[in-house]
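Right, one structure below, let's go through it.
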Amino acid sequence: MTLPIIRVHWLNESRAFRVLWLLDHLKLDYEIIPYMRNEGFRAPDELKKIHPLGRSPLLELEDKHTGKKKVLAESGYIFNYILKHFDSTNLLGNSDPDMAEQIEYYLYYSEGSLQPPLMIEFLLSMVKKAPIPFPISYLAGKITDKISDKYSKGEVKNQLEFIDAELVKNRGYLVDGKLSGADIMLSFPLQMAFSRGFATKEAYPNIHRWLEDITSTESYSSTKKKANSYGGKF
């Protein structure tokens with residue numbers, strides 16, 4: 001099978017890093033089209049020329065014979081496509097149908113269940129840091145604390161406890177005791193959970209150990225250097 005030309009429309013400090021890492025681990029050739037966030041930490045309008053939503057990552061595939069192009073959006077869908085079409089040896093997939101389904105589950109779980117409460121906690125923490133004058137700042141803090149206590153803080157704890165336990169069941173990885181697309185997919189939100197103080201090594205030792213293991217791979221180091229050369233910060 002002739003592989004298409006692969007281009008990743010990559011935004012600095014974004015989830016697009018995972019797509020680069022996935023491609024690097026599979027040893028696939030690809031091009032990086034870099035974009036930098038603006039002063040408001042938003043993606044530039046140029047991305048909307050590639051996809052109407054103007055978000056990253058975007059995976060562009062061009063047929064080498066016909067020149068026909070298609071653009072894939074949404075991290076979970078991109079991962080699923082790459083694993084199904086470009087991972088012929090199941091290096092990051094699994095030949096067992098049940099295990100393959102479990103990997104696919106995590107591709108959607110990451111954005112559907114894990115990311116939302118983490119994002120809410122992040123936004124609430126940003127409100128507390130915002131330069132709001134007193135007494136509005138005091139009221140804002142009380143409101144954000146209430147929202148966090150009623151929903152997002154408890155839900156983050158629920159999700160992290162689930163993952164920590166799953167890693168024990170699966171011999172240090174998410175599926176079948178080995179590195180898969182699921183591990184790469186969940187790496188970003190869980191790294192953010194630790195860096196933003198929503199998770200600690202003491203509370204979630206298995207996740208912490210897992211993050212150390214998967215980020216010690218040669219492919220991660222290679223991708224990190226590549227991303228940094230385009231303006232990433234890792």
Side-chain angles (χ1 to χ4, degrees), residues 3 5-38 41-44 46-47 50 55-61 72-83 86-87 89 91-93 103 106-107 109-111 114-115 118-119 122 160 163 167 172-175 178-201 204-234:
L3 294 177
I5 297 170
I6 302 172
R7 300 185 182 94
V8 180
H9 293 268
W10 174 87
L11 180 66
N12 69 310
E13 297 185 56
S14 78
R15 306 172 201 186
F17 177 85
R18 295 177 296 188
V19 176
L20 304 187
W21 184 9
L22 184 74
L23 294 169
D24 278 333
H25 199 83
L26 293 174
K27 300 188 183 305
L28 294 169
D29 292 326
Y30 65 93
E31 301 173 17
I32 297 176
I33 313 296
Y35 301 82
M36 301 299 290
R37 293 183 181 275
N38 59 30
F41 205 66
R42 302 292 298 173
E46 287 86 345
L47 266 172
I50 310 302
R55 301 182 68 186
S56 177
L58 296 173
L59 191 73
E60 181 181 347
L61 305 173
L72 311 182
E74 296 298 335
S75 297
Y77 179 66
I78 291 171
F79 264 60
N80 205 18
Y81 189 96
I82 291 171
L83 292 173
F86 305 147
D87 186 11
T89 63
L91 181 63
L92 290 174
I103 292 171
Y106 279 116
L107 301 185
Y109 163 83
S110 178
E111 305 289 302
L114 178 59
Q115 194 74 41
L118 285 171
M119 181 57 71
F122 172 65
L160 295 178
I163 295 167
L167 291 170
Y173 292 92
L174 288 167
V175 179
K178 64 177 185 176
L179 183 71
S180 72
D183 299 286
I184 294 177
M185 186 66 176
L186 264 66
S187 63
F188 180 84
L190 292 172
Q191 283 176 315
M192 293 302 100
F194 278 86
S195 67
R196 290 167 179 167
F198 306 144
T200 64
K201 176 182 178 180
Y204 305 104
N206 299 307
I207 299 177
H208 186 269
R209 190 180 308 113
W210 165 81
L211 279 172
E212 287 188 330
D213 287 344
I214 66 173
T215 57
S216 66
T217 57
E218 182 181 342
S219 58
Y220 181 85
S221 297
S222 173
T223 306
K224 187 167 72 169
K225 287 179 184 177
K226 205 174 290 184
N228 286 338
S229 71
Y230 282 98
K233 295 179 182 179
F234 295 93

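In what follows, residues are counted from 1 in the order of the sequence shown. None of the values given here were measured: they were computed from a predicted structure. As a basis for the values below, the full set of heavy atoms in this structure was taken, side chains included, without hydrogen atoms, waters or symmetry mates.
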Minimal non-hydrogen separation, Tyr173 against Trp210, with atom names: CA-CD1, 4.2 Å
With Ser75 via side-chain hydrogen bond (donor to acceptor under 3.5 Å, both in side chains) - residues at least two apart: Arg18
Ring pair (Phe, Tyr, Trp, His ring centres under 6.0 Å) partners of Tyr77, counting only residues at least two apart: none
Atom pair CG/CD1 of Leu22 and Ile82 - distance to nearest 0.5 Å: 4.5 Å
side-chain hydrogen bond (donor to acceptor under 3.5 Å, both in side chains) partners for His208, two or more places apart: none
Partners meeting salt bridge (charged side-chain N to carboxylate O under 4.0 Å, His left out) with Asp87 (sequence neighbours left out): none
Heavy-atom check, side chain of Leu107 versus side chain of Leu83, under 4.5 Å: yes
Partner residues of Trp21 under the ring pair (Phe, Tyr, Trp, His ring centres under 6.0 Å) criterion, sequence neighbours left out: Tyr220
Donor-acceptor contact below 3.5 Å, side chain Ser56 vs main chain His9: yes
Least distance between heavy atoms, Pro57 atom then Ile78 atom: O-CD1, 3.7 Å
Atom CD of Glu212: over 12 foreign heavy atoms under 6.0 Å: yes
Nearest non-hydrogen partners of Leu47 and Ala43, listed with the distance: CD1-CB, 3.8 Å
Between CE on residue Met185 and CG on residue Asn80, distance to nearest 0.5 Å: 9.5 Å
Any side-chain heavy-atom pair of Ile6 and Asp29 under 4.5 Å: no
Leu11 CG to Tyr230 OH distance, which is reported to the nearest 0.5 Å: 14.5 Å
Sole residue of Leu23, Leu61, Leu3 in side-chain contact (heavy atoms from CB on, under 4.5 Å) with Tyr30: Leu23
Heavy-atom check, side chain of Arg55 versus side chain of Ser14, under 4.5 Å: no
Least distance between heavy atoms, Trp10 atom then Ala227 atom: CH2-O, 3.6 Å
Atom pair CG (Leu186) and CD (Gln191), whose distance is rounded to the nearest 0.5 Å: 11.0 Å
From Phe194 atom CZ to Leu160 atom CG, the distance as rounded to the nearest 0.5 Å: 7.0 Å
Arg42: partners by side chain to side chain contact (heavy atoms under 4.5 Å, CB included), with sequence neighbours left out: Asn38
Donor-acceptor contact present, side-chain Ser222 to main-chain Ser219, <3.5 Å: no
Chi angles and distances behind the side chain to side chain contact (heavy atoms under 4.5 Å, CB included) call for Leu174, Leu167: CA-CA 5 Å; Leu174 288 167; Leu167 291 170; 4.0 Å; yes
Full working for side chain to side chain contact (heavy atoms under 4.5 Å, CB included) between Leu58 and Leu72: CA-CA 6 Å; Leu58 296 173; Leu72 311 182; over 6 Å; no
Trace of the side chain to side chain contact (heavy atoms under 4.5 Å, CB included) decision for Tyr106 with Asp183: CA-CA 8 Å; Tyr106 279 116; Asp183 299 286; over 6 Å; no
For Pro189 against Gln115, the heavy-atom pair lying closest together: CB-OE1, 3.3 Å
Ser187 to Ile214 - nearest heavy-atom pair and separation: CB-CD1, 3.9 Å
Distance, nearest 0.5 Å, that separates CG of Leu118 from CE of Met192: 10.5 Å
Leu114 vs Ile163, side chain to side chain contact (heavy atoms under 4.5 Å, CB included): CA-CA, chis, key distance, verdict: CA-CA 10 Å; Leu114 178 59; Ile163 295 167; 3.9 Å; yes
Contact check, side chains of Ile33 and Val8, non-hydrogen atoms, under 4.5 Å: no
